[in-house]
Amino acid sequence: MNAEPDDSVTRVLLPLLVLTLICAGLIRATVEFTDTRIADNRQETVLRIIGDILPGPYNNEPLKETRDIIDAATFGSKQPVTVLTSRQGADIQGFVFMPVIAEGYNGPVKLAVGVNRNGVLSGVRVLEQGETEGLGDAVDQYNSDWIEHFQNRSLDNTPPVLWTVRRDGGDFDQLSGATITSRGVIQSVRKVLEYYHQNKQRFLEREKLNAE
């Protein structure tokens, strides 16, 4: 007499169990697909940014010519910073350092900094930022052209004392309502140039050896 209720329960629960497993599989597949798309989009963004500031012309594959360096005082983090090298044949064109961590008002601003072999900036781009919309987020190249003003700057044409905002006696405009973020980015870019200036021969000699 107990068999009929048990069979009835099984007939009800089994389809529900199958449906639950199917739904769980669909959710998992959707999450994995979304994560993959996000990762792909992030990679495409990084590649586009690198292409904007990588010193050229070059005919190598900079993404395959990388090495990591650690210098928290220069790059704002104890984590390794990746250095990409561009070259035309055996002639070194320059480097991109990323991520360089600048101090923003709302937290770290991650930068990619391009420097040609002579120590002149080929460009600076924002990789990631969490600044206030309409204020500090203007540091991002997608929100204003402020970051473009670093291009072609060097320690020769802009002495270290001038690497700050105009209100502090420097040579750079500050973002409206975001002086802290402006100062942080300017100082971080200057530190990269100083680091390269101090280690220029080591960079050029090592990369030349790697190319031979």
Side-chain angles (χ1 to χ4, degrees), residues 46-104 108-129 139-141 146-165 168 170-172 181-212:
V46 170
L47 290 174
R48 185 165 59 250
I49 287 172
I50 293 171
D52 285 345
I53 64 174
L54 199 64
Y58 60 90
N59 58 10
N60 68 323
E61 297 184 62
L63 290 175
K64 294 183 179 180
E65 289 196 44
T66 67
R67 60 191 177 97
D68 292 338
I69 56 178
I70 298 176
D71 190 312
T74 296
F75 301 112
S77 171
K78 295 180 180 179
Q79 299 302 312
V81 169
T82 299
V83 183
L84 294 81
T85 302
S86 64
R87 68 174 78 250
Q88 181 80 9
D91 295 329
I92 297 167
Q93 300 298 312
F95 309 90
V96 170
F97 300 80
M98 58 184 287
V100 176
I101 310 299
E103 181 181 349
V109 176
K110 296 183 179 181
L111 306 170
V113 180
V115 183
N116 73 25
R117 61 172 293 123
N118 296 321
V120 178
L121 288 170
S122 56
V124 179
R125 292 291 184 272
V126 173
L127 297 170
E128 186 177 322
Q129 55 85 20
V139 69
D140 196 307
Q141 60 271 7
W146 183 82
I147 204 80
E148 298 280 357
H149 297 153
F150 287 101
Q151 189 169 353
N152 296 323
R153 294 272 189 170
S154 70
L155 297 179
D156 291 329
N157 61 35
T158 310
V161 69
L162 296 180
W163 282 82
T164 187
V165 296
D168 296 336
D171 202 34
F172 292 84
T181 301
S182 304
R183 289 190 186 116
V185 172
I186 293 166
Q187 291 171 8
S188 292
V189 174
R190 187 205 76 226
K191 287 179 181 179
V192 173
L193 281 179
E194 290 176 342
Y195 180 88
Y196 179 72
H197 179 75
Q198 294 165 3
N199 297 277
K200 178 179 177 180
Q201 287 306 119
R202 181 164 61 87
F203 268 98
L204 296 178
E205 289 172 1
R206 173 169 177 165
E207 298 308 326
K208 182 177 180 180
L209 288 174
N210 289 342
E212 292 176 349

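No hydrogens, no waters, no symmetry mates; every other heavy atom, side chains included, goes into these values. Just so you know, these numbers come straight off a predicted model, no measurement behind them. The chain is numbered in sequence order, starting from 1.
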Euclidean distance, [Y] [atom2] relative to [X] [atom1], rounded to 0.5 Å:
{"X": "Ile92", "Y": "Glu205", "atom1": "CD1", "atom2": "CD", "answer": "9.5 Å"}
{"X": "Glu61", "Y": "Thr85", "atom1": "CD", "atom2": "OG1", "answer": "13.5 Å"}
{"X": "Lys110", "Y": "Leu127", "atom1": "NZ", "atom2": "CG", "answer": "8.5 Å"}

Closest non-hydrogen atom pair, [X] against [Y]:
{"X": "Pro99", "Y": "Val81", "result": "O-CG2, 3.4 Å"}
{"X": "Leu204", "Y": "Arg117", "result": "CD1-NH2, 3.8 Å"}
{"X": "Glu103", "Y": "Ser188", "result": "N-OG, 4.5 Å"}
{"X": "Ser154", "Y": "Leu193", "result": "CA-CD1, 4.0 Å"}
{"X": "Pro80", "Y": "Ile70", "result": "CA-CG1, 3.7 Å"}

Q: Only counting residues at least two apart or in another chain, list the ones meeting ring pair (Phe, Tyr, Trp, His ring centres under 6.0 Å) with Tyr58.
A: none
Minimum side-chain heavy-atom gap [X]-[Y] below 4.5 Å:
{"X": "Val139", "Y": "Trp146", "value": "yes"}
{"X": "Ile147", "Y": "Val185", "value": "yes"}
{"X": "Val100", "Y": "Val124", "value": "no"}

Q | Identified side-chain contact (heavy atoms from CB on, under 4.5 Å) counterpart of Phe97 within the set Leu111, Val115, Val189, Leu84 | A | Val115
If you count heavy atoms of other groups shown closer than 6.0 angstrom to [atom1] of [X], is the number above 12?
{"X": "Gln141", "atom1": "CD", "result": "yes"}
{"X": "Gln187", "atom1": "CD", "result": "yes"}
{"X": "His149", "atom1": "NE2", "result": "yes"}

(Q) Once side chain to side chain donor-acceptor pair (under 3.5 Å) is applied, what residue pairs with a partner in residues 73-84 remain, sequence neighbours excluded? (A) Asp68-Thr82, Asp71-Thr74
Q: Not counting sequence neighbours, which residues clear side-chain contact (heavy atoms from CB on, under 4.5 Å) with Val165? List them please.
A: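 Expected list: Arg167, Asp168, Gln174, Thr179, Ser182, Arg183, Ile186.
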Looking at [Y], is its backbone amide N or carbonyl O close enough to the side chain of [X] to form a donor-acceptor pair, meaning the two atoms are under 3.5 Å apart?
{"X": "Asn157", "Y": "Val120", "value": "no"}
{"X": "Asn60", "Y": "Arg87", "value": "yes"}
{"X": "Ser86", "Y": "Gly56", "value": "no"}
{"X": "Ser122", "Y": "Leu54", "value": "no"}

Q: Take Val113 and Phe150 through the test side chain to side chain contact (heavy atoms under 4.5 Å, CB included) and record every step on the way to the result.
A: CA-CA 10 Å; Val113 180; Phe150 287 101; over 6 Å; no
Q: Over 60° means perpendicular and under 30° means parallel, so classify the ring planes of Phe203 and Tyr195, tilted if in between.
A: perpendicular
Q | Candidates Gln198, His197, Arg190 - the one meeting side chain to side chain donor-acceptor pair (under 3.5 Å) with Glu194 | A | Arg190
Q) Salt-bridged, Glu148 to Arg125, with N to O below 4.0 Å? A)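 A salt bridge is present here (some side-chain N lies under 4.0 Å from a carboxylate O).
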**Q.** Residues Met98, Ile49; criterion side chain to side chain contact (heavy atoms under 4.5 Å, CB included); working and verdict
**A.** CA-CA 11 Å; Met98 58 184 287; Ile49 287 172; over 6 Å; no
